2 protein chains.
Amino acid sequence: MELNEAKIKYIQTWGSLATSWGVNKTMAQVHALLLVSTKPLSAEDIMDALKISRGNVNMNVRALIDWGIVKKEFVVGERKEFFVAGKDIWELFKQITKERKKREIEPVLKVLEELQQVEDNTEEGAQFKKVLGDLSSVTNQVNSMLEKAIRADEHWLLSNFTKMIKK
Amino acid sequence: MELNEAKIKYIQTWGSLATSWGVNKTMAQVHALLLVSTKPLSAEDIMDALKISRGNVNMNVRALIDWGIVKKEFVVGERKEFFVAGKDIWELFKQITKERKKREIEPVLKVLEELQQVEDNTEEGAQFKKVLGDLSSVTNQVNSMLEKAIRADEHWLLSNFTKMIKK
DNA sequence: CTAAACTTTCAATAATTATTGAAAAATAAA
DNA sequence: TTTATTTTTCAATAATTATTGAAAGTTTAG
């Protein structure tokens, strides 16, 4: 396989993968494009490479910046804006984890806690509260694990995980 | 808040949460409904509770069974099928993790490996391979972590995590 | 076997989500 | 300032995804 073909295949694959994780396909493709690009790209470069409209590029680049995984960059002598994606994949993983945790996990925990306040002393009420409590518990555990992952260094995952499950 | 109100709110919340993780809203709601139900529910019960069509119930219940998180159950004297969701939330978490790992993470690893076979000795090719290698590495690490989580017992997450990040 | 009870399928339709493109707003140069 | 360049917005439209409902298929009872 030739380099450009491989890049295109990577960008396409990443895009379709994204949809199964609730991420906009184009957003994932723009990120993938920037990730394998050797130089900063302008809105026009992205439009051309992915064959999408200016508005679409603007929206998705902004979202990526919002997620903290793409940055604006200025090129000397050029008036327009250029964009780059950080090349450190561990950083990328941490950043995405951090954002999803904040945007999606923490709000769920809040709702679960709130719902547990239900006033009901029947057997059925007790069972409902049990389910909510268990959901909270597992979600909290996952949350605190992610929290620690975000703070940990690049190698904890592989090198130290074994310790955790021994006894 | 009253019990039934709380159940409804829980089911709705779970449904909208699901969409941000790439899960069909109705599928999540059906699961949530079964989770807080004290008895097995028939297709009609689900239709009534969620105000959805028979076909929709059938599709989504089947998907849930496919994911291994809902089971058919037979009620004595009744001809039709009933459904129940396992009430063990840790089991649920493990099952979902297992399925997503198999369906979504493993195929990505395969593609990444395949793409690394690209024949190219330029500087640009090297950089591309570096990015792919790093993506593989982090994905592999996450994958092996999830693998271990699936095999671990209910309390590893909370009780043993601390060990992992020390040193 | 035949009929009733129940489940599954799937083409048509609806609902949701993403994309376009042109106009408005913002920014910088002349 | 005025003008040229670039970015942003957003209503209209397209594409995708989910849902319906009735017909076909299956299973069980009589």
Side-chain angles (χ1 to χ4, degrees), chain A residues 11-34 40-67 70-84 100 103-104, chain B residues 11-34 40-67 70-84 100 103-104:
Chain A
I11 292 165
Q12 294 303 322
T13 304
W14 221 240
S16 50
L17 175 77
T19 56
S20 44
W21 289 89
V23 175
N24 176 297
K25 188 185 80 177
T26 304
M27 183 170 152
Q29 289 183 333
V30 172
H31 182 257
L33 175 66
L34 291 171
L41 301 181
S42 70
E44 295 219 325
D45 295 334
I46 299 171
M47 287 167 67
D48 292 350
L50 303 180
K51 306 271 181 281
I52 59 177
S53 73
R54 183 176 296 283
N56 201 4
V57 169
N58 188 275
M59 293 269 218
N60 284 296
V61 164
R62 205 142 41 77
L64 288 165
I65 290 172
D66 226 55
W67 274 76
V70 161
K71 299 229 174 312
K72 280 187 189 179
E73 201 163 285
F74 296 94
V75 171
V76 288
E78 289 274 14
R79 190 159 150 189
K80 59 186 165 215
E81 298 176 325
F82 288 78
F83 307 99
V84 285
R100 292 203 88 145
R103 296 177 194 210
E104 291 145 12
Chain B
I11 292 165
Q12 295 302 323
T13 304
W14 221 240
S16 51
L17 174 77
T19 57
S20 43
W21 288 88
V23 176
N24 175 297
K25 187 186 80 178
T26 304
M27 181 169 154
Q29 289 183 331
V30 172
H31 182 257
L33 175 66
L34 291 171
L41 300 182
S42 69
E44 294 219 326
D45 295 335
I46 298 170
M47 287 167 68
D48 292 350
L50 303 180
K51 306 272 180 280
I52 60 178
S53 73
R54 185 175 295 284
N56 202 4
V57 169
N58 188 274
M59 294 268 219
N60 284 296
V61 165
R62 205 142 41 75
L64 288 165
I65 290 173
D66 226 55
W67 274 76
V70 161
K71 298 229 172 311
K72 281 188 187 177
E73 200 161 286
F74 295 94
V75 171
V76 288
E78 288 273 17
R79 192 159 149 189
K80 59 186 167 218
E81 299 176 324
F82 288 78
F83 306 99
V84 285
R100 293 204 87 147
R103 297 177 194 210
E104 291 144 13

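Heavy atoms only: backbone and side chains are in, while hydrogens, waters and symmetry mates are out. Letters go in sequence order (proteins before strands), and every chain restarts at 1. This one's a predicted model, so the numbers in the text were calculated from it and none came from an experiment.
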Grab the CD1-P distance between B:I65 and C:dT7 for me, whole Å please. 11 Å
Could you state the interatomic distance from CG (A:N24) to CG (A:N60), rounded to the nearest 0.5 Å? 5.0 Å
Do B:R100's NZ or CZ and the ring of B:W21 fall within the cation-pi criteria of under 6.0 Å and 45°? no
Kindly indicate whether a cation-pi arrangement holds for B:R62 with B:W67, taking the cut-offs as under 6.0 Å to the six-membered ring centre and within 45° of the axis. no
Assert: residue with more 5' nearest nucleotide on DNA chain D, out of A:E81 and B:K51, is A:E81
Closest to the side chain of B:S53, out of D:dT20, D:dT7, C:dT8, is D:dT20
Could you state the CD-C1' distance from A:E78 to D:dT7, rounded to the nearest angstrom? 15 Å
Below 3.5 Å, does any donor atom in the side chain of B:R79 face an acceptor in the base of D:dT28, or the other way round? yes
Any B:N56 side-chain nitrogen or oxygen under 4.0 Å from OP1 or OP2 of D:dT20: yes
Taking CD1 from A:I46 and C1' from C:dT19, how many angstroms apart are they, rounded to a whole number? 16 Å
Using a cut-off of strictly less than 4.0 Å between a heavy atom of the residue and any atom of DNA chain D, enumerate the qualifying residues of residues 15-30 of chain A by number. none
Separation of C:dA26 P from A:N58 CG (nearest whole Å): 14 Å
Starting at CD of A:E44 and ending at P of D:dT8, how long is that distance when rounded to a whole Å? 14 Å
Whether the side chain of A:R54 and the base of D:dT7 hold a donor-acceptor pair under 3.5 Å is what I'd like checked. no
From NZ (B:K72) to CZ (B:F83), nearest 0.5 Å: 6.0 Å
Interatomic distance where CG belongs to A:D48 and P belongs to C:dT20 [whole Å]: 13 Å
If we ignore hydrogens and angles and just use 3.5 Å, is the side chain of B:D45 paired with the main-chain N or O of B:S42 as donor and acceptor? yes
Would you say a side-chain N or O of A:R62 is under 4.0 Å from OP1 or OP2 of D:dT9? yes
Taking B:N58 for its side chain and B:R54 for its backbone only, find out whether a donor-acceptor pair lies under 3.5 Å. no
Between CE of B:M47 and P of C:dT7 the distance, given in whole Å, is 11 Å
5'-most contact on DNA chain C (nearest-nucleotide basis), B:F83 vs A:G55, goes to B:F83
Between C:dT9 (P) and B:M59 (CE): distance, integer Å: 8 Å
Testing the basics here: between A:A49 and A:L33, what is the closest heavy-atom pair and its distance to 0.1 Å? CB-CD2, 3.8 Å
